[in-house]
Amino acid sequence: MKHLLNPLDLSVDEIYELIYLAQEIIKDPKKYSKVCEGKKLATLFYEPSTRTRLSFEAAMLNLGGSVLGFHSADSSSATKGESVADTIRVVSGYADIAAMRHPKEGAALVAANSCNIPIINAGDGGHLHPSQTLTDLLTILRNKGRLKNFRIGFCGDLKFGRTVHSLILALLRYEGIEFVLISPEELKLPSYNKNAMDEAGAKWIETASLEYALPDLDVLYMTRVQKERFFNEEDYVRLKDTYILDEQKLESAKDDLVIMHPLPRVNEISVEVDNDPRAKYFDQVKNGRYVRMALILMLLGIEGGLR
Ligand code: CP
């Protein structure tokens, strides 16, 4: 039984295999349109989502399977006090695989320990978001042609940003990657992530200035300051517009910079940047569906994605 709770649950070879399969699916999606006939995916979302939930559902439907689930805690028996462990035990009687998003760190692990179907962590609080990481790796590979030897800047909410924590963990296994951590003091990357970078011998620097970091970056990973993670509205309002990427700032950036964002975006990337050829965040969204198709096939043990 394999789950995806943390990007490190997949070996580097398995990630290459999965990314290869996602690219095969992109080339010929019809070939895979029936491989999951009779299989069901449950999407258990205790927190809002547009991309992750809908791309998982689209992925399973595109593989010929079907989907069931709930899109908020309010529409599930969590409101009556049911535990995650009990809910997943029940759902595992209805579905072959489940993707779960929850506001609490470790919720997906609790689910995985309580059932006999593969569990995908679709985001657990400010901790990890491994299927987004796979999407991000595919996007970097398709745009840079490699998963090594580049300088990546992470900008915005590095404290609560689960997509950031996940991608950094995954990238530490590839050689020659330098990390530039761009955030205000209050939203710096947690020390456990920095310790992981030190243990891996990675080069990293911290700065509060996007303008300072931008000219030397190969990849820029922008993030939203997440209102839902703040205890205090005042702090959120003070920090939310710290970084706004616009065309003027991008004048100093490399011509082959890859601009990524897990989305949703609020103000941190001006809409004018959407037309810049370096903006890849909507391609990143498209990659998410294909990578999740490959992930479902891998976790269901459908050899080579075909049966
Ligand atoms: N990137 C991402 O997790 O988006 P959603 O919150 O819309 O799923």
Side-chain angles (χ1 to χ4, degrees), residues 4-7 22 41-62 67 69-76 97-105 107-108 111 119-140 142-143 152 154-171 187 219-230 236 240 245 258-269 271 273-274 279-296:
L4 183 69
L5 307 178
N6 178 316
L41 165 78
T43 50
L44 313 176
F45 277 63
Y46 294 82
E47 252 193 359
S49 165
T50 296
R51 275 144 296 273
T52 311
R53 184 171 67 84
L54 296 181
S55 66
F56 265 119
E57 294 185 355
M60 190 48 143
L61 294 172
N62 290 341
V67 296
F70 51 83
H71 57 80
S72 75
D74 290 351
S75 62
S76 80
I97 183 167
M100 193 178 94
R101 171 169 291 185
H102 199 283
K104 286 204 177 129
E105 285 83 354
I119 299 294
I120 300 164
N121 178 7
D124 60 334
H127 186 213
L128 296 169
H129 192 350
S131 69
Q132 178 69 45
T133 299
L134 298 173
T135 302
D136 299 341
L137 293 175
L138 175 60
T139 304
I140 294 170
R142 282 169 73 80
N143 286 285
I152 181 166
F154 289 92
C155 179
D157 177 1
L158 310 192
K159 180 176 181 181
F160 301 112
R162 59 193 173 201
T163 62
V164 172
H165 305 160
S166 255
L167 183 55
I168 288 177
L169 259 189
L171 288 176
L187 297 176
V219 178
L220 172 61
Y221 196 96
M222 291 297 291
T223 63
R224 170 178 69 98
V225 174
Q226 302 172 86
K227 190 176 182 183
E228 65 273 28
R229 307 273 177 242
F230 279 80
Y236 168 70
K240 69 185 174 72
L245 183 69
V258 174
I259 306 168
M260 296 171 63
H261 190 312
L263 304 180
R265 130 180 88 180
V266 186
N267 289 328
E268 59 279 2
I269 301 182
V271 288
V273 175
D274 297 357
K280 301 295 178 191
Y281 31 91
F282 288 111
D283 293 341
Q284 198 178 342
V285 174
K286 285 185 201 152
N287 290 334
R289 174 157 57 105
Y290 297 109
V291 105
R292 289 179 174 111
M293 288 170 81
L295 177 63
I296 290 169

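Quick note: residue numbers are just sequence positions, from 1. Hydrogens, waters and symmetry mates play no part in the numbers below; they use all other heavy atoms, side chains included. Start at 1 and go down the list; that is how both ligands and their atoms are numbered.
In this structure, the side chain of Gln226 does not engage the main chain of Arg224 through any donor-acceptor pair within 3.5 Å.
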Quick check on ligand 1: any N or O pairs to the protein under 3.5 Å? One line per pair.
from     : atom 1 : to     : atom 2 : distance (Å)
ligand 1 : 1 (N)  : Gln132 : OE1    : 3.1
ligand 1 : 1 (N)  : Pro262 : O      : 2.8
ligand 1 : 1 (N)  : Leu263 : O      : 3.0
ligand 1 : 3 (O)  : Thr52  : OG1    : 3.0
ligand 1 : 3 (O)  : Arg101 : NH2    : 3.0
ligand 1 : 3 (O)  : His129 : NE2    : 2.9
ligand 1 : 4 (O)  : Arg51  : NE     : 3.1
ligand 1 : 4 (O)  : Leu263 : O      : 3.3
ligand 1 : 6 (O)  : Arg101 : NH1    : 2.9
ligand 1 : 7 (O)  : Thr50  : N      : 2.8
ligand 1 : 7 (O)  : Arg51  : N      : 3.0
ligand 1 : 7 (O)  : Arg51  : NE     : 3.2
ligand 1 : 7 (O)  : Arg51  : NH2    : 2.9
ligand 1 : 8 (O)  : Ser49  : OG     : 2.6
ligand 1 : 8 (O)  : Thr52  : N      : 2.9
ligand 1 : 8 (O)  : Thr52  : OG1    : 2.6
ligand 1 : 8 (O)  : Arg101 : NH1    : 3.4
ligand 1 : 8 (O)  : Arg101 : NH2    : 3.3

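The environment of Lys159 atom NZ is sparse: at most 12 non-hydrogen atoms of other residues, nucleotides or ligands sit within 6.0 angstrom.
Here the closest heavy-atom approach between residue Asn121 and residue Leu128 is recorded as ND2-O, 3.7 Å. For Ser131 against Arg292, the heavy-atom pair with the smallest separation is OG-NH2, 3.0 Å.
Residues forming a side-chain hydrogen bond (donor to acceptor under 3.5 Å, both in side chains) with Glu47 (at least two apart in sequence, or on another chain): Arg162, Arg229.
A donor-acceptor pair shorter than 3.5 Å cannot be found between the side chains of Thr163 and Gln132.
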